[in-house]
Amino acid sequence: MTDIHNEVDPVTTGISQKGLSTGTVGLIGAVVVGISCIAPAYTFTAGVGGAATSVGTQIPAILLVGFIPMLLVAFGYRELNRVMPDSGTSFTWAARAFGPWVGWMAGWGLIAATILVLSNLAGIAVDFLFLLIAQITGNSAIADLTLNPFINVAVCLVFVAVAAWISYRDMQTSQKLQYWLVGFQLLVLVAFSIVAIVRASQGDAYDATPFDWNWFNPFAVPDMMMVVAGLSVSIFMFWGWDVTLTMNEETKDPERTPGRAAALTIVSIIMVYLLLTIGMTMFAGMGEEGLGLKNEDISGNVFFYLSGEIFGPLAFLVSLAVLTSSASSLQSTMVGPARTLLAMGHYGALPKKYAQVTPRFFTPGYATIASAVAAGGFYAVMRFVSEDALWDTIAALGIMICFYYGVTAFACVWYFRHQWFDSVRNTFFTFLFPLIGGIMLLGLFGLSMGEAWRGELGSDATLFGMSLVFVLGMGVILLGVVIMIIQYFRAPDFFRGKTLGVYAPPSERARVRR
């Protein structure tokens with residue numbers, strides 16, 4: 001059964017059927033929001049240390065390997081968006097392909113992953129706020145205030161509240177803010193990389209390491225499990241590009257702009273990451289002490305320790321870049337879960353209150369507030385449970401990303417099964433590319449869960465006698481199953497296919513619209 005009336009079609013009034021304002025986001029705006037959501041300064045400083053510990057100088061290779069499934073899956077996202085531009089993205093598309101139960105869990109995976117990263121973004125913002133103040137005032141004791149969990153959590157909640165307030169407002173406000181923040185962030189990162197490379201080339205570095213093309217060879221990593229750990233971090237460092245798809249009902253040319261923006265976002269990010277990785281490796285080396293990238297004492301926040309050595313008196317610019325990166329991403333990242341919750345409420349997969357749109361700003365107001373409350377609450381709990389909350393949630397985040405990206409990739413393959421061989425383009429973009437990307441990501445999901453079960457992923461923190469990363473990863477999935485079953489008994493229409501049709505071939509959709 002196909003419910004054509006629930007498809008997304010911008011109408012002449014400029015408001016989508018879910019109540020969002022249409023035509024407010026162009027290609028450049030979508031790319032900027034996508035880059036902001038990935039937050040390269042934040043993700044790099046949080047992830048590169050873990051990647052170095054896992055694979056050493058092969059970080060560029062692991063980044064490229066992690067980039068491949070992201071790009072392949074992005075092609076699948078683009079094809080699904082071309083025929084179904086819907087703010088629910090993974091939720092809506094998986095429900096169309098595999099039915100309501102799988103669709104619900106795909107949506108839950110996206111929401112859960114976003115809540116995990118929102119908490120980390122706020123935590124990093126707090127760290128660099130105090131570091132920036134310490135650098136400007138010359139009082140190093142101020143930087144240590146972030147170690148006080150009560151102060152840390154309180155300031156974190158303020159960041160979350162401000163980000164939610166901005167996201168609550170219209171998309172034009174968000175775009176204007178992001179242009180400045182993303183531009184400044186990228187400028188500082190590129191300058192930082194160039195200075196590091198130049199100083200290392202001149203021998204003026206902590207541990208000058210000559211550039212080697214072998215850094216791009218993934219087969220130089222001796223242990224497969226080291227590759228898995230490195231890929232988990234790599235996947236985390238690329239995550240966030242799909243926010244460009246969740247805005248599809250608000251973009252100009254919604255059938256093409258979001259897909260193009262996703263591909264441009266991923267390509268831009270890999271270029272910045274490779275430049276940063278080369279610069280840091282050449283300057284700091286792979287030592288396990290001091291400023292070496294394998295030193296576990298600095299792995300959670302590499303920019304924090306290297307900025308002064310590389311940028312000297314301008315180190316505060318790096319701190320400001322990471323602060324603005326995490327703060328701006330905190331705001332832009334809320335776009336994704338809020339619009340997924342909106343779609344789930346719209347189709348009856350969640351209570352209808354999640355489908356509420358603010359009459360003044362045409363944004364998912366209730367869903368935005370719910371996302372902020374969940375992110376703030378999760379961070380507050382994790383900050384007191386584990387001192388290594390950042391690294392553990394990053395590892396759990398990688399698991400959730402692989403899950404819902406993989407499901408979405410297979411949704412593309414199955415949904416277009418009758419069109420695979422209609423053309424060479426279809427064979428690659430609706431079949432081979434998403435199939436390979438989905439296999440890679442779901443395979444990594446299984447391997448990561450196995451590593452987490454054995455306590456070899458993340459920190460040594462435990463809960464209920466099990467690895468904290470495994471408890472987080474499996475616990476979040478099981479929580480989703482429980483909520484889904486409760487929602488089935490409360491409002492079964494969605495789960496019976498009455499509000500969101502299943503198995504609608506694109507050829508049939510085109511015929512009905514004509």
Side-chain angles (χ1 to χ4, degrees), residues 38 40-41 43-72 189-239 266-300 302-303 305-306 309-310 394-395 398 436-437 439-441 443-444 447-448 451 456-457:
I38 293 176
T43 52
F44 193 85
T45 191
V48 70
T53 302
S54 300
V55 299
T57 55
Q58 262 54 52
I59 301 176
I62 289 300
L63 286 173
L64 287 173
V65 173
F67 164 76
I68 291 172
M70 290 290 104
L71 185 62
L72 296 180
L189 292 182
V190 171
F192 182 86
S193 304
I194 293 174
V195 171
I197 292 172
V198 170
R199 290 187 58 183
S201 300
Q202 296 173 345
D204 179 22
Y206 173 76
D207 182 12
T209 305
F211 173 79
D212 189 342
W213 284 107
N214 191 52
W215 296 349
F216 293 83
N217 178 17
F219 299 104
V221 182
D223 188 338
M224 180 60 186
M225 289 301 102
M226 294 169 65
V227 174
V228 172
L231 278 176
S232 295
V233 178
S234 177
I235 295 298
F236 155 74
M237 293 173 70
F238 284 109
W239 178 80
I266 297 172
V267 171
S268 301
I269 288 298
I270 185 62
M271 294 172 65
V272 172
Y273 282 167
L274 290 177
L275 185 62
L276 279 168
T277 301
I278 292 170
M280 280 195 173
T281 302
M282 290 180 65
F283 184 90
M286 288 292 161
E288 297 181 0
E289 297 179 352
L291 298 180
L293 296 182
K294 282 191 174 183
N295 182 357
E296 295 184 358
D297 292 335
I298 73 170
S299 63
V302 176
F303 277 140
Y305 296 93
L306 288 182
E309 290 291 326
I310 294 177
I394 285 176
I436 295 171
I439 290 173
M440 293 177 70
L441 288 175
L444 183 58
L447 289 172
S448 297
E451 289 290 283
E456 297 176 5
L457 196 63

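Positions are given from 1, in the same order as the sequence printed here. Just so you know, these numbers use all the heavy atoms, side chains as well, and skip hydrogens, waters and symmetry mates.
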Show me the donor-acceptor pairs, under 3.5 Å and distance only, between side chains in residues 267-278 and residues at least two apart or in other chains.
residue	atom	partner	partner atom	Å
Ser268	OG	Leu264	O	2.8
Tyr273	OH	Thr43	OG1	2.4
Tyr273	OH	Met237	O	2.6
Thr277	OG1	Tyr273	O	2.8

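Nearest approach of Ala196 to Gly279, heavy atoms of both residues: CB-O, 3.6 Å. Here the closest heavy-atom approach between residue Ala61 and residue Pro218 is recorded as CB-N, 3.4 Å. Met286 and Gly56 get closest at one heavy-atom pair: CE-O, 3.4 Å. In terms of heavy-atom proximity, Thr209 sits nearest to Gly285 at OG1-CA, 3.5 Å. Taking both residues in full, the closest heavy atoms of Lys294 and Ala52 are given as CE-O, 3.4 Å, listed atom of the first, atom of the second, then distance. Between Gly203 and Ala208, the shortest heavy-atom contact is CA-CB, 4.4 Å.
Checked by atom type and distance alone, the side chain of Gln58 pairs as donor or acceptor with a backbone atom of Asn214 at under 3.5 Å. Judged purely by atom type and a 3.5 angstrom limit, Thr45 has no side-chain atom pairing as donor or acceptor with the backbone of Ala41.
In this pair, Phe211 and Trp215 present their aromatic rings perpendicular. The plane angle is above 60°, beyond the 30 to 60° band.
Listed by first and then second residue, the salt bridge (Lys or Arg N to Asp or Glu O under 4.0 Å) pairs involving residues 193-209 are Arg199-Asp204 (not counting sequence neighbours).
When side chains are defined from C-beta on, Leu71 does not count as touching Phe238, because their heavy atoms never get closer than 4.5 Å. At least one side-chain heavy atom of Thr53 sits under 4.5 Å from a side-chain heavy atom of Glu296. Using a 4.5 Å heavy-atom cutoff, the side chains of Glu289 and Asp297 are not in contact.
Taking CD1 of Ile266 as the start and CH2 of Trp239 as the end, the distance is 13.0 Å to the nearest 0.5 Å. The structure places CD1 of Ile62 at 11.0 Å from OG1 of Thr57, a figure rounded to the nearest 0.5 Å. The CD1 atom of Ile310 sits 12.5 Å away from the CD1 atom of Ile194 when rounded to the nearest 0.5 Å. Here the OH-OH distance, from Tyr206 to Tyr305, works out to 13.5 Å after rounding to the nearest 0.5 Å. To the nearest 0.5 Å, atoms CE (Met280) and CD1 (Ile59) are separated by 9.5 Å.
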